[in-house]
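The block underneath contains the structure these notes are about, expressed in structure tokens.
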Amino acid sequence: QVQLVESGGGLVQAGDSLRLSCAASGRTFSSNTMAWFRQAPGKEREFVALISGSGASTIFASSVKGRFAISRDNIKNTMSLQMNSLKAEDTAVYYCAVAHTRAITTVLREYEYWGQGIQVTVSS
């Protein structure tokens with residue numbers, strides 16, 4: 001049974017940093033694109049960042065580019081999101097996701113496995 005578990009969320013102040021982690025179990029995903037999405041209250045779930053299976057390619061949403069960094073460890077089957085210079089508008093539930101294939105995609109429906117989500121709250 002595949003399981004994705006996020007950790008590292010919490011309440012921080014604007015300008016602070018936070019690091020989210022995603023631990024996968026049940027199978028290895030070294031060939032699959034992995035990504036972070038987020039969903040703020042009353043809004044649709046949106047793409048944040050992705051990383052290719054090898055880790056060689058990354059893509060960021062324009063709203064987080066330059067502030068967030070994504071990485072993965074295929075030996076440990078984990079992925080991380082380093083969030084710096086956090087803003088109030090970054091407040092959301094953050095989800096870890098694994099794509100169907102190695103395709104590099106920001107499309108939500110292309111992601112097969114999802115974590116339960118973790119709350120990140122940035123106070124201004």
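Worth knowing before you read on, the calculation uses all heavy atoms, side chains too, and leaves out hydrogens, waters and symmetry mates. Just so you know, residue 1 is the first one in the sequence shown, and it goes up from there.
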Work out which heavy atom in [X] is nearest to a heavy atom in [Y]; give both atom names and the distance.
{"X": "Arg102", "Y": "Ser31", "value": "CB-O, 3.0 Å"}
{"X": "Ala40", "Y": "Thr91", "value": "CB-O, 3.7 Å"}
{"X": "Ile118", "Y": "Gly8", "value": "CD1-N, 3.6 Å"}
{"X": "Ser17", "Y": "Asn84", "value": "OG-OD1, 2.9 Å"}
{"X": "Ala49", "Y": "Phe60", "value": "CB-CD2, 3.5 Å"}
{"X": "Ser71", "Y": "Arg19", "value": "OG-NH2, 3.7 Å"}

Less than 4.5 Å apart, any side-chain heavy atom of [X] and any of [Y]?
{"X": "Phe68", "Y": "Leu86", "value": "yes"}
{"X": "Met83", "Y": "Leu20", "value": "yes"}
{"X": "Glu89", "Y": "Ser63", "value": "no"}
{"X": "Trp36", "Y": "Glu6", "value": "yes"}
{"X": "Val122", "Y": "Asp16", "value": "no"}

- Task: Identify whether Val64 and Leu18 are in the same connected component of the hydrophobic contact network (ILVMFWY, side-chain heavy atoms under 4.5 Å).
- Result: yes
- State plainly whether one hydrophobic cluster holds both Met34 and Tyr113, where clusters connect Ile, Leu, Val, Met, Phe, Trp and Tyr through side-chain heavy atoms under 4.5 angstrom apart. yes
- Can you find a side-chain donor-acceptor pair between Ser80 and Gln82 that sits under 3.5 Å? no
Okay, side chain of [X], backbone of [Y]: is any donor-acceptor separation there less than 3.5 Å?
{"X": "Asn32", "Y": "His100", "result": "yes"}
{"X": "Thr28", "Y": "Ser30", "result": "no"}
{"X": "Ser52", "Y": "Thr33", "result": "no"}

- Item | Exceeds 12 heavy-atom contacts within 6.0 angstrom, atom CD of Gln116 | yes
With rounding to the nearest 0.5 angstrom, report the [atom1] to [atom2] distance, [X] to [Y].
{"X": "Glu110", "Y": "Thr101", "atom1": "CD", "atom2": "OG1", "value": "7.0 Å"}
{"X": "Leu50", "Y": "Ile59", "atom1": "CG", "atom2": "CD1", "value": "4.5 Å"}
{"X": "Gln1", "Y": "Ser25", "atom1": "CD", "atom2": "OG", "value": "8.0 Å"}
{"X": "Gln39", "Y": "Glu44", "atom1": "CD", "atom2": "CD", "value": "8.0 Å"}

- Tyr111-Tyr95 aromatic ring centre distance below 6.0 Å: no
- Hey, can you tell me if Phe37 and Phe47 have their rings parallel, tilted or perpendicular (30° and 60° cut-offs)? perpendicular
- Task: Kindly indicate, with the supporting measurements, whether the criterion side chain to side chain contact (heavy atoms under 4.5 Å, CB included) is fulfilled by Val98 and Arg27.
- Result: CA-CA 11 Å; Val98 179; Arg27 57 166 283 192; over 6 Å; no
- Task: Scan Leu81, Ile70, Asp90 and name whichever one has a side-chain contact (heavy atoms from CB on, under 4.5 Å) with Val48.
- Result: Leu81
